[in-house]
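To start, the structure itself, in structure tokens.
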Amino acid sequence: MTMPDERTRALLWAGSFLVDTARDQALPVPIRRRAATIARHFPTVEDVAWLAESIRDSVLSIQLASPEQALPEQSDWDFEPLRHSTRLSWPEGP
């Protein structure tokens with residue numbers, strides 16, 4: 001069974017993966033564009049924090065931990081999380 005902190009951590013890491021993929025110049029442009037498109041609609045750290053708080057007491061919830069609970073040992077994360085302030089430029093072809 002997946003625990004709430006594991007579920008939250010997976011969302012944060014996946015968002016970071018999309019940011020890294022969209023910005024990686026070594027990857028083909030179609031892959032980078034797909035990552036940028038998905039990131040536009042993927043939950044940010046702020047979205048996950050809001051969801052964790054708002055559905056905390058719901059019996060039918062998927063149960064999420066706050067981002068701080070999911071990654072408590074890292075005050076400065078070693079990856080760039082997807083945030084509302086993250087700006088990804090549209091990858092252009094060669």
Side-chain angles (χ1 to χ4, degrees):
M1 180 165 94
T2 303
M3 301 302 290
D5 60 325
E6 294 168 328
R7 192 173 291 115
T8 298
R9 193 175 309 114
L11 282 170
L12 298 176
W13 284 345
S16 173
F17 178 77
L18 291 171
V19 171
D20 290 346
T21 302
R23 291 182 175 162
D24 188 345
Q25 299 286 330
L27 293 173
V29 171
I31 300 293
R32 293 174 41 223
R33 285 183 181 163
R34 177 67 56 97
T37 300
I38 295 169
R40 288 177 136 171
H41 307 287
F42 201 82
T44 63
V45 172
E46 295 87 358
D47 295 332
V48 171
W50 179 83
L51 281 168
E53 182 61 30
S54 65
I55 63 176
R56 180 172 32 105
D57 298 325
S58 173
V59 176
L60 301 175
S61 75
I62 60 170
Q63 297 183 332
L64 294 170
S66 72
E68 294 79 20
Q69 290 172 324
L71 298 167
E73 69 282 354
Q74 297 179 353
S75 59
D76 292 324
W77 295 341
D78 58 353
F79 60 90
E80 182 178 350
L82 180 61
R83 298 185 177 277
H84 285 162
S85 60
T86 302
R87 299 290 176 248
L88 295 173
S89 59
W90 187 248
E92 297 297 328

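No hydrogens, no waters, no symmetry mates; every other heavy atom, side chains included, goes into these values. Just so you know, these numbers come straight off a predicted model, no measurement behind them. In this chain, residues are counted from 1 in sequence order.
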- line: Closest non-hydrogen contact found for Gly15 with Phe42 is N-CE2, 3.6 Å
field: Straight-line distance of Trp13 CH2 to Asp20 CG, nearest 0.5 Å
entry: 13.5 Å
query: Rounded to the nearest 0.5 Å, what separation is found between the CD atom of Glu92 and the CZ atom of Arg32?
result: 9.0 Å
message: Check whether Thr21 reaches the backbone of Phe17 with its side chain - one donor and one acceptor, N or O, closer than 3.5 Å.
response: yes
- prompt: Under 4.5 Å between side-chain heavy atoms, hopping through other hydrophobics if needed: is there a path connecting Val19 to Ile31?
  reply: no
query: Do the side chain of Arg83 and the main chain of Val45 share a donor and acceptor less than 3.5 angstrom apart?
result: no
- line: Distance col, row Leu51:CG vs Thr8:OG1, nearest 0.5 angstrom, shows 9.5 Å
- request: Any chance you could measure Arg23, atom CZ, to Arg87, atom CZ, to the nearest 0.5 Å?
  value: 10.5 Å
field: For Leu11, the option from Ser16, Pro67, Pro43 that meets side chain to side chain contact (heavy atoms under 4.5 Å, CB included)
entry: Pro43
query: Which atom names give the shortest non-hydrogen contact between Ala52 and Ser66, and what distance separates them?
result: CB-N, 3.9 Å
query: Distance-only, no hydrogens or angles: does the Asp47 side chain make a donor-acceptor pair with backbone N or O of Thr44 under 3.5 Å?
result: yes
task: Could you tell me which non-hydrogen atom of Leu88 sits nearest to which non-hydrogen atom of Ala39, and how far apart they are?
output: CD1-CB, 3.6 Å
query: How long is the span from the CG atom in Leu64 to the CD atom in Gln69, to the nearest 0.5 Å?
result: 10.5 Å
field: Minimum-distance pair of heavy atoms, taken over all atoms of Ala22 and Ala36
entry: CB-N, 3.9 Å
message: Treating Thr37 as the side-chain partner and Arg33 as the backbone partner, does any N or O pair qualify as donor plus acceptor under 3.5 Å?
response: yes
